[in-house]
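Working notes, structure below.
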There are 2 protein chains.
Amino acid sequence: MNTVRARSQKRGSPSPQILRAVLRLREMILTGQLPAGQRVAELKVVDAIGVSRTPLRLAMETLEHEGLLARRPSGGFTVREFTLRDVQQALELRGSLEGTACRFATESRASQDLAPLWQLVGDMDEVLRASQPTVETLNRYVVLNERFHDTLIDLAGNALLGRLMNQVHGLPFASPSAFVQAQATSTESFRILLVAQEHHRTIVQAIADGDGARAEALAHEHARLALRNLDAAVRDIEAFKRLPGSVLVKMGA
Amino acid sequence: MNTVRARSQKRGSPSPQILRAVLRLREMILTGQLPAGQRVAELKVVDAIGVSRTPLRLAMETLEHEGLLARRPSGGFTVREFTLRDVQQALELRGSLEGTACRFATESRASQDLAPLWQLVGDMDEVLRASQPTVETLNRYVVLNERFHDTLIDLAGNALLGRLMNQVHGLPFASPSAFVQAQATSTESFRILLVAQEHHRTIVQAIADGDGARAEALAHEHARLALRNLDAAVRDIEAFKRLPGSVLVKMGA
DNA sequence: GAAGCCAAGATTGCATGCATTCTAGGCCAA
DNA sequence: TTGGCCTAGAATGCATGCAATCTTGGCTTC
């Protein structure tokens with residue numbers, strides 16, 4: 001249910017009450033308990049998650065920076081609403097950032113070890129070997145996929161890039177595995193998954209070859225797949241609504 | 001204590017006390033009043049800027065997201081310290097993001113109007129026409145330069161990109177005009193400035209030609225100039241120390 | 001003299017009260 | 001009925017008190 005938030009939390013984590021508030025509040029937003037576009041009533045939330053107003057306000061400040069809340073001119077916050085275009089733009093930007101990561105990784109590859117990436121590619125191959133994956137294997141794929149993308153970012157060796165990437169991943173549908181769950185059902189989507197995996201492999205190969213430009217181009221291509229997945233998901237509204245974070249997206253008429 | 005409070009701020013800006021705290025605190029950090037690497041004592045700061053602890057803590061949360069403060073594991077915050085490498089990485093990333101902006105701008109140029117960019121380029125030409133610019137003209141250049149870079153980002157039409165860019169600009173030396181002031185003094189630096197201006201022109205030209213790849217490459221090249229400026233600045237420690245934000249940078253041996 | 005331990009002071013995190021501001025809903029006038 | 005105004009209740013922003021935790025300095029012990 002909770003979209004992914006599993007990155008290496010190297011930064012000092014907030015105090016328990018704030019952390020609790022951030023986690024619960026984020027969940028309430030992504031599950032639609034707090035309707036998109038609507039004001040967040042502090043007292044209701046305080047009541048729902050059992051912390052006092054002070055840590056809650058700190059948490060809201062955090063979620064504002066993450067982009068899930070927006071400040072109201074007259075005070076307080078609203079749950080931010082996303083258009084389909086917002087999601088598309090986030091996906092495009094993710095592709096660009098990952099492309100940048102590939103380039104950086106290639107340039108500073110000198111003493112880099114690509115073995116972890118190869119390992120992850122191999123593991124994902126394993127999962128996809130079955131012609132019709134189960135929910136369990138797909139869950140495993142999600143984990144591996146996220147780890148792959150995280151590792152790629154880490155390999156770039158640019159801490160700031162990692163932070164920005166985290167911010168992007170916090171937005172609805174912008175995390176690497178956002179669509180994987182929906183891809184189990186449709187055969188066409190599953191084919192996209194196979195192509196994506198081929199991208200993974202060739203990206204690592206390009207980095208190994210020192211071909212940063214190719215790696216970057218592949219990352220862009222990889223992101224385009226996400227855009228296609230978005231298209232496919234939108235076409236099947238019912239399936240779309242089951243994806244986490246979909247409640248935040250206002251479908252254009 | 002507090003008597004009158006002007007609500008109805010412009011869209012999305014924090015309440016007055018928080019805003020005040022953010023601004024003053026940021027200033028205290030960048031001027032070195034709060035030494036880098038050291039813990040921020042809430043009570044001292046409260047005393048110095050005249051807001052109570054609650055809005056100050058909100059402000060610290062904001063500056064943490066900006067990257068100027070870091071959470072201490074045992075509570076509270078420290079002023080974040082940057083290495084030269086951090087600064088370099090931020091500059092590299094800025095180049096990549098601006099390159100991305102150029103590409104996006106080119107791709108969605110359909111009904112875009114490049115006139116503002118041309119205008120800014122012309123105005124900057126004007127400023128640089130003098131063989132030896134004064135402090136005043138340089139100040140004007142700073143304004144124009146920042147506006148140019150902002151406009152470029154806007155032209156990309158990707159709101160998320162704008163947000164990330166803002167975050168980058170908040171880091172020491174990562175804003176577009178960080179080195180301009182130091183470039184008035186040295187003749188060599190001034191030449192770099194002329195090259196930078198040539199970049200501006202060719203970037204706009206490339207966008208106008210629909211040549212996104214060229215525009216992107218030029219933006220990367222443009223950022224490399226900033227890296228050279230950083231090198232030059234570091235060589236002249238005294239001048240370096242006069243640049244805003246330098247107190248945050250720990251010079252490696 | 002150095003290392004470890006302890007206590008008093010300092011500091012943070014949290015909860016809550018209060019004043020100000022916003023807002024929903026009713027009432028009056030056109 | 002519709003539109004605008006007004007008021008009472010609700011919500012927010014802020015200040016501050018309190019308890020728990022951390023830190024610093026000194027003391028003991030080896």
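Note on naming: letters A, B, ... go to the chains in the order of the sequence lines (proteins, then strands), and numbering restarts at 1 for each one. For clarity, every value in this text was computed on a predicted model and none was experimentally measured.
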Using a cutoff of under 3.5 Å, can you pull out all pairs of nitrogen or oxygen atoms linking the protein to nucleotides 4-6 of chain D, with atom names and distances?
none

What are the atom names and distances for every N/O pair under 3.5 Å that joins the protein to nucleotides 19-23 of chain D?
from	atom 1	to	atom 2	distance (Å)
dT23(D)	OP1	Arg72(B)	NH2	2.7
dT23(D)	OP1	Ser74(B)	OG	3.1

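Every side-chain contact (heavy atoms from CB on, under 4.5 Å) that Arg72(A) has, sequence neighbours left out, goes to Arg39(A), Ser74(A), Thr78(A). For Ala232(B), the side-chain contact (heavy atoms from CB on, under 4.5 Å) partners two or more places apart in sequence, or in a different chain, are Arg235(B). Here Glu42(A) pairs with Arg53(A), Leu56(A), Arg57(A), Met60(A) under the side-chain contact (heavy atoms from CB on, under 4.5 Å) rule; sequence neighbours left out. Residues satisfying the side-chain contact (heavy atoms from CB on, under 4.5 Å) criterion with His65(B), sequence neighbours excluded, are Thr62(A), His65(A), Glu61(B). Under the ring-ring contact (aromatic ring centres under 6.0 Å, His included) criterion, Phe148(A) pairs with His200(A), not counting sequence neighbours.
Contact annotation for Val40(B): backbone-only contact, meaning every heavy-atom pair under 4.0 Å involves sugar-phosphate atoms and none involves a base. Counting non-hydrogen atoms under 4.0 angstrom, Thr54(A) reaches a base of the nucleic acid.
Rounded to whole Å, atom P of dA15(D) lies 11 Å from atom CD1 of Ile49(B). Rounded to whole Å, atom P of dC14(C) lies 11 Å from atom CD of Glu42(B). Regarding Leu56(A), its CG atom lies at a distance of 13 Å from the C1' atom of dA15(C), rounded to whole Å. Look at CE on Met60(A): it is 14 Å from C1' on dC14(D), rounded to the nearest Å. Taking atom CZ of Arg53(B) as the reference point, atom C1' of dA10(C) lies 12 Å away to the nearest angstrom. In this structure, CG of Leu58(B) is placed 10 Å from C1' of dC14(D), rounded to the nearest angstrom. Asp47(A) places its CG atom 11 Å from the P atom of dA11(D), with the value rounded to the nearest Å. Across the protein-nucleic acid pair, Glu61(B) atom CD and dT12(C) atom P stand 15 Å apart, rounded to whole Å.
Residue Leu34(B) forms a side chain to side chain contact (heavy atoms under 4.5 Å, CB included) with just one option from Val40(B), Val247(B), Leu68(B), Leu248(B), and that option is Val40(B).
For the 3.5 Å distance criterion, the side chains of His149(A) and Glu98(A) qualify, holding a donor opposite an acceptor. With 3.5 Å as the limit, one finds a donor-acceptor pair spanning the side chains of Gln33(A) and Thr31(A).
Pairs passing the ring-ring contact (aromatic ring centres under 6.0 Å, His included) check and including a residue from residues 81-102 of chain B, sequence neighbours excluded, do not occur. The stretch residues 147-169 of chain B participates, sequence neighbours left out, in no salt bridge (charged side-chain N to carboxylate O under 4.0 Å, His left out) pair at all. Pairs of residues two or more places apart, or lying in two chains, that qualify as salt bridge (charged side-chain N to carboxylate O under 4.0 Å, His left out) and include a residue from residues 16-28 of chain B are Arg24(B)-Glu27(B), Arg26(B)-Glu66(B).
Comparing Leu43(A) and Ser52(B) against DNA chain D, the residue whose closest nucleotide sits nearer the 5' end is Leu43(A).
Contact check of residues 27-35 of chain B against DNA chain C (heavy atom, cut-off under 4.0 Å) returns no residues at all.
Not one side-chain nitrogen or oxygen of Ser15(A) sits closer than 4.0 Å to the OP1 or OP2 atom of dT12(C).
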Please output the side-chain donor-acceptor pairs of residues 86-95 of chain B that fall under 3.5 Å, not counting sequence neighbours, one pair per line with the distance.
from	atom 1	to	atom 2	distance (Å)
Asp86(B)	OD2	Thr83(B)	N	3.0
Asp86(B)	OD2	Thr83(B)	OG1	3.2
Gln89(B)	OE1	Ala159(A)	N	3.4
Gln89(B)	NE2	Gly157(A)	O	2.5
Arg94(B)	NE	Ala174(B)	O	2.8

